[in-house]
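Just so it is clear, the values below take in all heavy atoms, side chains as well, and ignore hydrogens, waters and symmetry mates. Because the structure is predicted, anything quoted here is derived from the model rather than measured. Letters A, B, ... are given to chains in the order of the sequence lines, protein chains preceding strands, and every chain is numbered from 1.
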There are 2 protein chains.
Amino acid sequence: MARLSPDDRRQAITDATLAVARRKGLGATTVRDVATEMGTSSGLIHHYFDSMDDVLATAFDEAASRDLARARTAIGDKPSAAAQLDVFIDSYAPVQSDWTMQLWLDAWAEAARRPALQQVSRRLNREWQSLVREIIERGVESGAFATDDADAAAWRLLSVLDGLALQVVAHDALITRDDVVEWTRSAAARELTKGAWHVS
Amino acid sequence: MARLSPDDRRQAITDATLAVARRKGLGATTVRDVATEMGTSSGLIHHYFDSMDDVLATAFDEAASRDLARARTAIGDKPSAAAQLDVFIDSYAPVQSDWTMQLWLDAWAEAARRPALQQVSRRLNREWQSLVREIIERGVESGAFATDDADAAAWRLLSVLDGLALQVVAHDALITRDDVVEWTRSAAARELTKGAWHVS
DNA sequence: CGCGTTGTTGGACAAGTGCGCAATATGTGC
DNA sequence: GCACATATTGCGCACTTGTCCAACAACGCG
C-alpha cells in the first residue's frame, strides 16, 4: 500500500476500525479485520498503536466525538432552550440498527476490561451530560425552565434517554424510536416545568 | 468427576458459568473457563448445551430471574405503592462493582451477536418493566399516584434507573449509588405526583 | 546519487476459541 | 451379575486472537 504520513495513516486506521465496528460491533473488531478493511498488513496497526485497546478507544473517541459535535452544532442554531432540548433529544434517539448506539453499548460493557476505552467512554459521557446541563442552565436563566438542581436534572434526562435508546438497539422492536422521543420529551417537561405541564 | 443427573449437571454448569462471569464478565466467559470452574472436561458442556450462546443465555436467565424474584418478594411485603417503589429503586440500584449490572451491560451489548441471549434479555427487561407498571397501577388505584400512562411512566422510571446504574458500573466513581437512588426517587416523585411535589 | 530514517510487509508465535467425537467410566433396570 | 444407557473424558480439529519482529521499500536530505 501507498506510504502515508503518520497522521494520515492513524486517521486511516481509525476510519477502517469504525467501518468494521459498524458491521460487527466494537467488541468483535479485530486487528486483522481492520488491516483487511484498509487493504494493508496487520503489523501496520501495531506500528501506530500500542494495543488493540488503544485502537478501539481512539476509534470510539472519534465516532462519539463526531456525534457530540454534530449535536452541539445543531443545538447552537436554536434560539430557545426548549427548542435546544428538543434537538438534543432528537439527535440522540437512535434508529433500530443505530451503530453509534451499539458502539456505546459495547463501550459500556467493555469498559470493565479495557482501561483506555473506559477512560474515553467516561469522558464523553461526562461531556454529553455537560451539554444537557448547559441547555438547562440557559433555560433557567431565561425563565423557560425551572429546577433546583440542573446537574441532577441533566443526569436524569441523559439517563432516561440512554435507558430507552438501549432498549431500541439491544431488543429491537420492544420499543420504537418514536416512543423514545415522545417519552423523553415527556420526562423533560415533568423535569423542567414548574407546576402543571402540557405535552402535545 | 462424579456422575450427576442431567438436571443437577445443568444446574452445576449454570452455577459455574455465573461464578466465572462474575469475575470476567459474560462476554469473556469461555467453555474451558466453565469446565475448569466445575472441575470437569470441556466436552461435558456441549453434551448439555447446543452452543456457548445457550450456556450464557441460560446462566444470565438464572441470575437475572433470581434478582427479579428477590425484588418481587421484597416489594410484596410493603403496604403502600410508594413504599413498594422505594424498595424497587433500592433493590435495583447497583454498588460500584455490581456484577449483576455488569451482566446486564454484557447482555445488552452481546444481544446483537447472540440470538439466545437477546431473547432472554428482552424477556427479562419486559418483566422488570411490568413489575414497575404494576406498582404504578396499584398506586393510581389507591390514589397515591397520578399518571395518564402507566406503561410509559414505567418505561421512563426503569430507563432512568438503567441509565444511572450503568454509569456507576461502567464508569466507576463518575456518580455514586447514592446519587442513583436519590435521583431516581426524585424522578419518580415528578413522574407520579399531581401538581407540586416534595423531595425529602 | 547515496544514505539514513521510517513506513510497510508478511509471517511466526503462543495462546485461546467453539465444537465434535471415539473411548471410557459409572450408574440403573433386568 | 450382566447389559445397556449415558454421563464423562480427553484430546483433536480448524480457526482466530493480540503481539512481535526481521526484512523490504519508499521517501527526504545531503
Under 3.5 Å, which N/O atoms of the protein pair with N/O atoms of nucleotides 22-24 of chain D?
none

Original post:
How would you list, by chain and number, every residue that makes a side-chain hydrogen bond (donor to acceptor under 3.5 Å, both in side chains) with B:Thr176, sequence neighbours excluded?
Top reply: B:Asp179
Original post:
Side-chain N or O of B:Ser41 less than 4.0 angstrom from OP1 or OP2 on D:dT9?
Top reply: yes
Subject >> Residues in side-chain hydrogen bond (donor to acceptor under 3.5 Å, both in side chains) contact with A:Thr184, at least two apart in sequence or another chain >> reply: none
Original post:
Reckon B:Tyr48 touches a base, only the sugar-phosphate, or nothing at all at heavy-atom distances under 4.0 Å?
Top reply: sugar-phosphate
Original post:
Will you find, in the side chains of B:Tyr92 and B:Asp67, an N or O donor that is under 3.5 Å from an N or O acceptor?
Top reply: no
Subject >> Side chains of B:Arg190 and B:Ser186, donor plus acceptor under 3.5 Å >> reply: yes
Subject >> side-chain hydrogen bond (donor to acceptor under 3.5 Å, both in side chains) partners of B:Arg3, counting only residues at least two apart >> reply: none
Original post:
By side-chain hydrogen bond (donor to acceptor under 3.5 Å, both in side chains), which residues pair with A:Ser142, not counting sequence neighbours?
Top reply: none
Below 3.5 Å, can you tabulate the donor-acceptor pairs from side chains in residues 12-20 of chain B to any protein atom, sequence neighbours excluded?
from    : atom 1 : to      : atom 2 : distance (Å)
B:Thr14 : OG1    : B:Arg10 : O      : 2.9
B:Asp15 : OD1    : B:Gln11 : NE2    : 3.0
B:Thr17 : OG1    : B:Ile13 : O      : 2.7

**OP:** Report the distance from atom CZ of A:Phe49 to atom C1' of C:dT8, rounded to the nearest whole Å.
**Re:** 16 Å
**OP:** Check whether any side-chain nitrogen or oxygen of B:His47 sits under 4.0 Å from OP1 or OP2 of D:dA7, and answer yes or no.
**Re:** yes
Subject >> Side-chain H-bond candidate by donor/acceptor type, A:Arg70 with A:Thr73, under 3.5 Å >> reply: no
Original post:
For residues 108-120 of chain B, which residues have at least one heavy atom under 4.0 Å from DNA chain D?
Top reply: none
Subject >> Atom-to-atom span, CG of A:Leu4 to P of D:dG28 - whole angstrom >> reply: 13 Å
Original post:
Taking NZ, NE, NH1 and NH2 as the nitrogens, is one of them in A:Asp90 or A:Arg177 under 4.0 Å from a carboxylate oxygen of the other?
Top reply: yes
Subject >> Distance, rounded to the nearest Å, where A:Asp33 contributes CG and D:dC15 contributes P >> reply: 16 Å
What does the list of N/O pairs under 3.5 Å between the protein and nucleotides 19-26 of chain C look like, with a distance for each?
from   : atom 1 : to      : atom 2 : distance (Å)
C:dC19 : OP2    : B:His46 : NE2    : 3.0
C:dC19 : OP2    : B:Met52 : N      : 2.8
C:dT26 : O2     : B:Arg3  : NH1    : 2.5

**OP:** Please name all residues satisfying ring pair (Phe, Tyr, Trp, His ring centres under 6.0 Å) with A:Phe60, sequence neighbours left out, ordered by chain then number.
**Re:** A:Trp104
Original post:
Could you give the CD1-to-C1' distance, from B:Ile45 to C:dT17, as a whole number of Å?
Top reply: 14 Å
**OP:** Evaluate the criterion side-chain hydrogen bond (donor to acceptor under 3.5 Å, both in side chains) for residue pair A:Asp61 and A:Ser65; output intermediate values, then yes/no.
**Re:** CA-CA 6 Å; A:Asp61 198 343; A:Ser65 296; 2.9 Å; yes
Subject >> Listed once per pair and sorted, the salt bridge (Lys or Arg N to Asp or Glu O under 4.0 Å) pairs that draw on residues 76-89 of chain A, sequence neighbours left out >> reply: A:Asp86-A:Arg185
**OP:** Find the distance B:Asp8:CG to D:dT6:C1' and express it as a whole number of Å.
**Re:** 15 Å
Original post:
Can you find a side-chain donor-acceptor pair between A:Arg156 and A:Ser159 that sits under 3.5 Å?
Top reply: no
Original post:
What pairs meet the ring pair (Phe, Tyr, Trp, His ring centres under 6.0 Å) rule with one or both residues in residues 10-58 of chain B, with sequence neighbours excluded?
Top reply: none
Subject >> Residues from residues 14-23 of chain A lying under 4.0 Å of DNA chain D - heavy atoms >> reply: none
**OP:** Please check the phosphate of D:dT17 (OP1 and OP2 only) for any side-chain N or O of A:Thr30 closer than 4.0 Å.
**Re:** yes
